[in-house]
Amino acid sequence: MENEEMNLRQWIRRLNPTWKLLRSWKLKGGISAQVIGLEIAQADEQNLKLVARVHGDADIEHNPSVASDEFNLLQVLRSQGVLVPKPYVVDHSRSLFDRPALLIEYIEGQTEFAPTDMNDYIKQMASAISKLHHIDCTKVDVSFLPRQIDHDRKLRNIAILKKIHIEGDAVIHEKILAFLHTPSKNRAAILHGDFWPGNLMWKDGQLVAMIDWEDAAFGDPLSDLANGRLEMLFYYGVEAMEQFTNQYVALMPRLDLSHLAFWDIYAAVRLAGFAEWGLDVQIVDRMRERHNGFVQQAVSLIKRT
């Protein structure tokens, strides 16, 4: 902890020699990255709060330039009016920490899992993710983003499908494998990659930021939609999931939904490890029931294609 504090002080001095680190504290929610809050005294006596994100081994293995990419992406998104933290500086040299890190704006707000107005909550969620997907990527540089999250690698191994209880269905396997080699019918968009309520910050009933962009990619927007659909089902049930879907689709009139069921399967595989998240047994049982229903609905739709 002492070395960490010293590294943070050194980093702050590099950014601005007049700044002084007053305190640091661990922030909740850091799974793939270590997340540290910082309070800084500025020369004008106005304190500034920042967040240090030190990326973990899994992120680095997936993308060695994850910190630089996240920094660049936040700059692009802010230029397009997307609600994200302001990026301050990135350290990809590993000279301060033993892994890449970046400093970003501290957002005054919190995650919200029990909204008082569910309709407005869903409307704001759908608006935020559709605004991201509407960005014209011919006018901004997103060449640094990974191409579509590698669903081929994740789904090619049919054994993985045992996790979602369709391992014995040869017809579904064939259709999924065919899908993996089918070009997207939608214009490629910037993807958050992990769109769910835990990556949204709220203040006074207003969505103020989307956070945690380490899984961002460039590809079919149905990937984000499917992930959001399953997460909404997990936390709020079928009605909320369908409402979120309908709100999003209404904001994306040119979206081709014909491959949504396949992306639902992708999301189900991606989130199949929920039993290992350390949740209460009753919550896990509820999620398992909803996860199974989500998969079976997707399977039924795929069979009819």
Side-chain angles (χ1 to χ4, degrees), residues 32 59 61-85 87 125-156 175-196 199-200 209-232 244-271 298 301-302 305:
S32 57
D59 282 350
E61 181 180 356
H62 176 69
N63 177 12
S65 60
V66 60
S68 297
D69 288 353
E70 187 171 348
F71 180 86
N72 292 333
L73 179 59
L74 291 176
Q75 287 187 314
V76 168
L77 296 179
R78 284 181 65 86
S79 75
Q80 299 299 304
V82 179
L83 298 172
V84 296
M125 285 182 61
S127 177
I129 195 64
S130 66
K131 185 169 186 176
L132 173 69
H133 294 163
H134 270 301
I135 292 174
D136 185 348
C137 293
T138 66
K139 297 181 180 179
V140 294
D141 180 14
V142 292
S143 59
F144 56 88
L145 279 179
R147 299 303 90 180
Q148 175 65 56
I149 296 174
D150 191 359
H151 58 283
D152 184 277
R153 175 175 57 83
K154 289 194 174 186
L155 290 183
R156 183 179 293 279
K175 290 191 174 185
I176 288 175
L177 289 175
F179 160 70
L180 296 177
H181 300 285
T182 302
S184 171
K185 296 185 178 182
N186 291 305
R187 185 183 70 174
I190 299 172
L191 306 177
H192 182 279
D194 190 21
F195 185 72
W196 73 294
N199 281 335
L200 302 175
M210 285 193 286
I211 61 173
D212 292 359
W213 291 86
E214 64 268 17
D215 293 318
F218 183 67
D220 195 323
L222 292 181
S223 175
D224 272 347
L225 173 60
N227 201 88
R229 278 166 48 80
L230 181 50
E231 294 281 12
M232 290 298 285
F244 166 71
T245 304
N246 293 337
Q247 290 274 5
Y248 172 84
V249 170
L251 295 168
M252 301 284 290
R254 297 182 180 180
L255 194 69
D256 189 313
L257 295 172
S258 57
H259 285 164
L260 179 57
F262 291 99
W263 284 112
D264 282 349
I265 292 292
Y266 173 73
V269 170
R270 182 178 182 273
L271 298 174
L301 291 172
I302 291 172
T305 61

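Along the sequence shown, the residues carry numbers beginning at 1.
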Donor-acceptor check, side chain of Asn199 to backbone of Asp194, threshold 3.5 angstrom: yes or no?
yes
Indicate yes or no: at least one non-hydrogen side-chain atom of Leu77 is less than 4.5 angstrom from one of Ile190.
yes
Separation between CZ (Phe195) and NE2 (His133), nearest 0.5 Å, reads 8.0 Å
Non-hydrogen atoms of Asp136 and Thr138 that approach each other most closely:
OD1-OG1, 2.6 Å
Examine distances only and state if a side-chain atom of His192 and a backbone atom of Asp212 form a donor-acceptor pair shorter than 3.5 Å.
yes
Closest non-hydrogen contact found for Thr305 with Lys175 is O-NZ, 2.6 Å
Any donor-acceptor N/O pair, Arg254 side chain to Met252 backbone, under 3.5 Å
no
Just wondering, do Ser65 and Phe144 contact through their side chains at under 4.5 Å, heavy atoms?
no
Residues Pro146 and Ala216: closest non-hydrogen pair is CD-O, 3.7 Å
Would you check, one step at a time, whether the test side chain to side chain donor-acceptor pair (under 3.5 Å) holds for Asp256 with Ser258?
CA-CA 6 Å; Asp256 189 313; Ser258 57; 2.5 Å; yes
Do Leu132 and Asp224 make a side-chain contact, defined as non-hydrogen atoms from C-beta onward lying under 4.5 Å apart?
yes
Tell me the salt bridge (charged side-chain N to carboxylate O under 4.0 Å, His left out) pairs involving residues 62-84, sequence neighbours left out?
Arg53-Glu70, Arg78-Glu105
Below 4.5 Å, heavy atoms only, C-beta onward: do Trp196 and Leu271 meet side chain to side chain?
no
Just wondering, do Leu230 and Arg270 contact through their side chains at under 4.5 Å, heavy atoms?
no
Side-chain touch Leu225/Ile129, heavy atoms, less than 4.5 angstrom:
no
I'd like to know if the side chain of Ser184 pairs up with that of Asn186 as donor and acceptor (distance under 3.5 Å, no hydrogens or angles considered).
no
